[in-house]
**Q** 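A single structure is presented below for examination.
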Amino acid sequence: MTDPKHVAERYLALWNEPDAEVRKELLAQDWAEDATYVDPMAAGRGTEEIDDLIGGIKARFPSFSFRLVGKPDGYAEHVRFSWSLGPGDFVDAPIEGTDVLVVRDGRIQSVTGFLDRVPAM
């Protein structure tokens, strides 16, 4: 099994990367080309659609960053971890979630995301 902490850190580094070209490189390194992503607000298939989703989050929350919450865990090909999303050096993040990844041969195959805390819009 792949180290859950390493997978979670690489995953969040991708979401925090502001440079679109670097994001494409990280996706090519760490994700299967036909990977899938789904959460209650978005879905994408393939690294291009996933990159577009990440770019949309970066555009909507330009000063926000993701942080790992707690200790990632996993078994077999599954990795689960929680994260928070907030501005600058936030203490109490307005957005929190938990993601479950399937990782095969060192590459992310799928992500199922859950939003645990979202502010009222």
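Fair warning: this is a prediction, and the values are worked out from it, not measured in the lab.
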**Q** Would you check if P119 and I95 make a side-chain contact, meaning some heavy-atom pair closer than 4.5 Å?
**A** yes
**Q** Rounded to the nearest 0.5 Å, what separation is found between the CD atom of E49 and the OG1 atom of T36?
**A** 10.5 Å
**Q** Does the N16 side chain pair with the main chain of S65, one donor and one acceptor, at a distance under 3.5 Å?
**A** no
**Q** Which pair of heavy atoms, one from A35 and one from I108, lies closest together, and at what distance?
**A** CB-O, 3.6 Å
**Q** So, taking the atom named CD1 in I57 and the one named CG in D39, what distance separates them when rounded to the nearest 0.5 Å?
**A** 7.5 Å
**Q** Using a 6.0 Å cut-off, check whether atom NZ of K5 has over 12 heavy atoms from anything other than its own residue.
**A** no
**Q** Looking at D116 and T98, would you say the former's side chain and the latter's main chain have a donor-acceptor pair under 3.5 Å?
**A** yes
**Q** Can you find a heavy atom in the side chain of V69 that is under 4.5 Å from one in the side chain of E96?
**A** no
**Q** Which pair of non-hydrogen atoms, one from P72 and one from F81, has the smallest distance, and what is that distance?
**A** CB-CB, 3.8 Å
**Q** Looking at side-chain heavy atoms only, is the closest gap between L12 and R67 below 4.5 Å?
**A** no
**Q** Are any non-hydrogen side-chain atoms of P87 and P94 less than 4.5 angstrom apart?
**A** yes
**Q** Do R23 and E17 meet the salt-bridge criterion of a basic N to acidic O distance under 4.0 Å?
**A** no
**Q** What distance separates E77 CD from R104 CZ, expressed to the nearest 0.5 Å?
**A** 4.0 Å
**Q** Can you tell me how far OG1 of T47 sits from OH of Y37, rounded to the nearest 0.5 angstrom?
**A** 15.5 Å
**Q** Is there a side-chain contact between V102 and H78 in this structure, where contact means two heavy atoms from C-beta onward sitting under 4.5 Å apart?
**A** yes
**Q** Measure up the Y11 and W31 rings against each other and bin them: parallel (under 30°), tilted (30 to 60°), perpendicular (over 60°).
**A** parallel
**Q** Nearest heavy-atom pair of L68 and G70: which atoms, and what distance?
**A** CG-O, 4.0 Å
**Q** Would you mind reporting whether Q29 and R10 have side-chain heavy atoms less than 4.5 Å apart?
**A** yes
**Q** Is the shortest side-chain N to carboxylate O distance from R117 to D92 below 4.0 Å?
**A** yes
**Q** Rounded to the nearest 0.5 Å, how far apart are CG of D99 and CZ of F66?
**A** 8.0 Å
**Q** Would you say D105 has more than 12 foreign heavy atoms packed within less than 6.0 Å of its CG?
**A** no
**Q** Is there side-chain contact between L14 and D30, with at least one heavy-atom pair below 4.5 Å?
**A** no
**Q** Are the side chains of P4 and D73 in touch, meaning some heavy atoms are under 4.5 Å apart?
**A** no
**Q** Surrounding CZ of R80 (heavy atoms of other residues, nucleotides or ligands, distance under 6.0 Å), is the total greater than 12?
**A** no
